[in-house]
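Have a look at the structure below, then the notes.
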Amino acid sequence: MADPLATEKAFLQEHREALSAQHPGRYLLIKGAEVHGAYETYDQGVIAGVQKFGAGPFLVRSVLQPEDSEAPKIPALAVGMPLSAHPYRAGSS
């Protein structure tokens with residue numbers, strides 16, 4: 001199965017140095033080859049991603065650790081469908 005987040009991961013790897021300088025210590029919300037926000041926590045990035053893109057796919061990763069070992073190992077997140085039943089999903093208040 002092809003990685004649905006290959007574009008986002010490649011973008012982060014290619015621009016990691018510049019993004020680290022621009023957003024030190026932040027978690028980036030990436031969709032396609034574009035940063036859509038920088039957040040203090042992983043959870044904030046995921047919530048913003050769900051609000052902007054619904055079920056995904058999108059990537060939330062730390063600029064300091066592009067392979068984010070601390071990211072939760074949830075199968076839906078692995079394929080870019082985070083928290084689609086979560087109360088913070090798009091359209092919820």
Side-chain angles (χ1 to χ4, degrees):
M1 180 173 147
D3 183 351
L5 297 171
T7 299
E8 290 80 0
K9 290 175 183 177
F11 173 79
L12 179 57
Q13 284 292 6
E14 290 172 23
H15 299 92
R16 185 173 62 177
E17 191 172 313
L19 292 170
S20 292
Q22 199 172 8
H23 307 287
R26 297 291 183 140
Y27 287 84
L28 301 180
L29 171 58
I30 301 171
K31 175 120 173 114
E34 187 176 339
V35 175
H36 290 270
Y39 303 90
E40 287 188 37
T41 68
Y42 176 84
D43 290 345
Q44 289 172 341
V46 170
I47 290 167
V50 170
Q51 290 172 338
K52 289 181 181 189
F53 306 115
F58 57 82
L59 181 68
V60 176
R61 287 279 171 85
S62 167
V63 293
L64 299 176
Q65 296 177 311
E67 295 306 317
D68 279 356
S69 60
E70 74 272 12
K73 304 297 184 223
I74 301 171
L77 292 177
V79 294
M81 299 186 313
L83 310 173
S84 59
H86 196 279
Y88 293 109
R89 70 183 182 275
S92 294
S93 47

Quiz prompt | Residue list, side-chain contact (heavy atoms from CB on, under 4.5 Å) with Thr7, at least two apart or on another chain | solution = none

Quiz item: What are the two closest non-hydrogen atoms of Val35 and Phe11, and how far apart are they?
Solution: CG2-CE2, 3.7 Å

Quiz prompt | For Tyr39, ring pair (Phe, Tyr, Trp, His ring centres under 6.0 Å) partners two or more places apart | solution = none

Quiz item: Do you know which two heavy atoms are closest between Val50 and Phe58, and how far apart they sit?
Solution: N-CZ, 3.5 Å

Quiz item: So how far is it from Gln22 CD to His15 NE2, rounded to the nearest 0.5 Å?
Solution: 10.5 Å

Quiz item: Short question: side chain of Gln44, backbone of Thr41 - any donor-acceptor pair under 3.5 Å?
Solution: yes

Quiz item: Under a 4.5 Å cut-off applied to non-hydrogen side-chain atoms, are Glu8 and Pro57 in contact?
Solution: no

Quiz item: Partners of His36 by ring pair (Phe, Tyr, Trp, His ring centres under 6.0 Å), sequence neighbours excluded?
Solution: Phe53

Quiz prompt | Non-hydrogen side-chain atoms of Arg61 and Leu28 separated by less than 4.5 Å | solution = no

Quiz item: Do the side chains of Leu59 and Lys9 get nearer than 4.5 Å, heavy atoms only?
Solution: yes

Quiz item: In Å and rounded to the nearest 0.5 Å, what is the CG to OG distance from Leu12 to Ser20?
Solution: 8.0 Å

Quiz item: Any idea which heavy atoms bring His23 and Ala38 closest together, and the distance?
Solution: ND1-CB, 3.5 Å

Exercise. Provide the closest heavy-atom pair for Tyr42 versus Val60 in the form atom of the first, atom of the second, distance.
Key: CE1-O, 3.5 Å

Quiz item: For the residue pair Ala21 and Pro24, what are the closest heavy atoms and their distance?
Solution: O-CD, 3.6 Å

